[in-house]
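Ligands are counted one by one from 1 in listed order, and the atoms in each one are counted from 1 as well.
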Amino acid sequence: MDYQFLMEKAKEASKNSYSPYSHFAVGACVLGESGNYYYGCNFENSSFGLTICAERNAIGNAIANGEKQIKAIAIYSPNREDCPPCGACRQVISEFSAPEGIPVITLGADGLITRNFNELFPGRFQL
Ligand code: THU
C-alpha cells in the first residue's frame with residue numbers, strides 16, 4: 001500500500017477546504033476495498049455544528065461510489081503536524097473498517113506516522 005501517495009492526495013484535498021470560521025484546513029484520502037481512492041476536505045457552516053470533517057467527507061464519497069469497507073485513511077492539515085481524526089470521525093471510521101483495524105496515516109515533523117485504527121479507538125461500539 002502506497003502511504004505516501006495517500007498522503008499526497010490528502011494534501012491536495014486540503015486545498016479545497018472551506019473553513020472560513022476556524023481557518024483550519026483538513027484533507028483526507030481513503031483507500032476503498034476496490035483499490036480506488038476517495039478524497040474529502042472539511043467544509044464549515046455559519047451554523048457551526050453543521051461542519052463536516054474531511055474524514056467523513058472522504059468516507060461519504062467512498063460509500064457513494066459503492067465501497068463497503070475502507071482499507072486505509074490519510075489525514076493532512078497545513079495547520080497542524082500529526083492531525084489524527086476527531087472522536088466523531090473515529091466512530092464513523094469504525095463503521096467501515098475491518099475488526100483488525102486499518103492504517104491511519106498522518107504527517108509528523110519527521111515524515112509519515114502510521115497508527116492502527118484500533119489504537120486510536122479501542123473498544124469500538126458495534127451493533
Ligand atoms: N476537522 C476535520 O476536518 N477533521 C478532524 O478530524 C478534526 C477537525 C475540521 C473541522 C473544522 O472545520 C476544523 O477542522 C476545526 O475544528
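- With His23, Arg90, Glu44 as candidates, the residue nearest to atom 13 (C) of ligand 1 on a non-hydrogen basis is Glu44.
- For atom 9 (C) of ligand 1, the choice among Asn42, Thr51, Asn79, Ile75 with the nearest heavy atom turns out to be Asn42.
- Within the model, atoms CG of Asp82 and CD1 of Ile113 stand 3.5 Å from one another, a figure rounded to the nearest 0.5 Å.
- Note that CZ of Phe96 is 9.0 Å distant from NZ of Lys68, once rounded to the nearest 0.5 Å.
- Atoms of ligand 1 found under 4.0 Å from any heavy atom of Ser22, numbered from 1 in the order shown, are 13 (C), 15 (C).
- Distance from atom 8 (C) of ligand 1 to its nearest protein heavy atom, with residue and atom name: Cys53 SG, 3.9 Å.
- Without hydrogens or angle criteria, Arg90 side chain to Phe121 main chain gives no donor-acceptor distance under 3.5 Å.
- Here the straight-line distance linking atom CZ of Phe43 with atom CZ of Arg56 works out to 9.0 Å at 0.5 Å rounding.
- Pro78 approaches Ala25 most closely through the heavy-atom pair CD-O, 3.3 Å.
- Neither the backbone nor the side chain of Ser19 has a heavy atom within less than 4.0 Å of ligand 1.
- There is a side-chain donor-acceptor pair under 3.5 Å between Ser34 and Glu67.
- With hydrogens and angles disregarded, a donor-acceptor distance shorter than 3.5 Å links the side chain of Asn57 to the backbone of Cys41.
- Distance remark: protein heavy atom not present below 4.0 angstrom from atom 16 (O) of ligand 1.
- The protein non-hydrogen atom at the shortest distance from atom 14 (O) of ligand 1 is Phe24 CD2, 3.4 Å.
- Residue Pro85 has at least one heavy-atom neighbour below 4.0 Å for each of these atoms of ligand 1: 6 (O).
- Residue Ala54 has at least one N or O atom closer than 3.5 Å to an N or O atom of ligand 1.
- The protein non-hydrogen atom at the shortest distance from atom 7 (C) of ligand 1 is Cys86 CB, 4.0 Å.
- Between the side chain of Glu55 and the main chain of Cys89, no donor-acceptor pair closer than 3.5 Å is present.
- Protein heavy atom closest to atom 4 (N) of ligand 1, with residue, atom name and distance, is Glu55 OE1, 2.8 Å.
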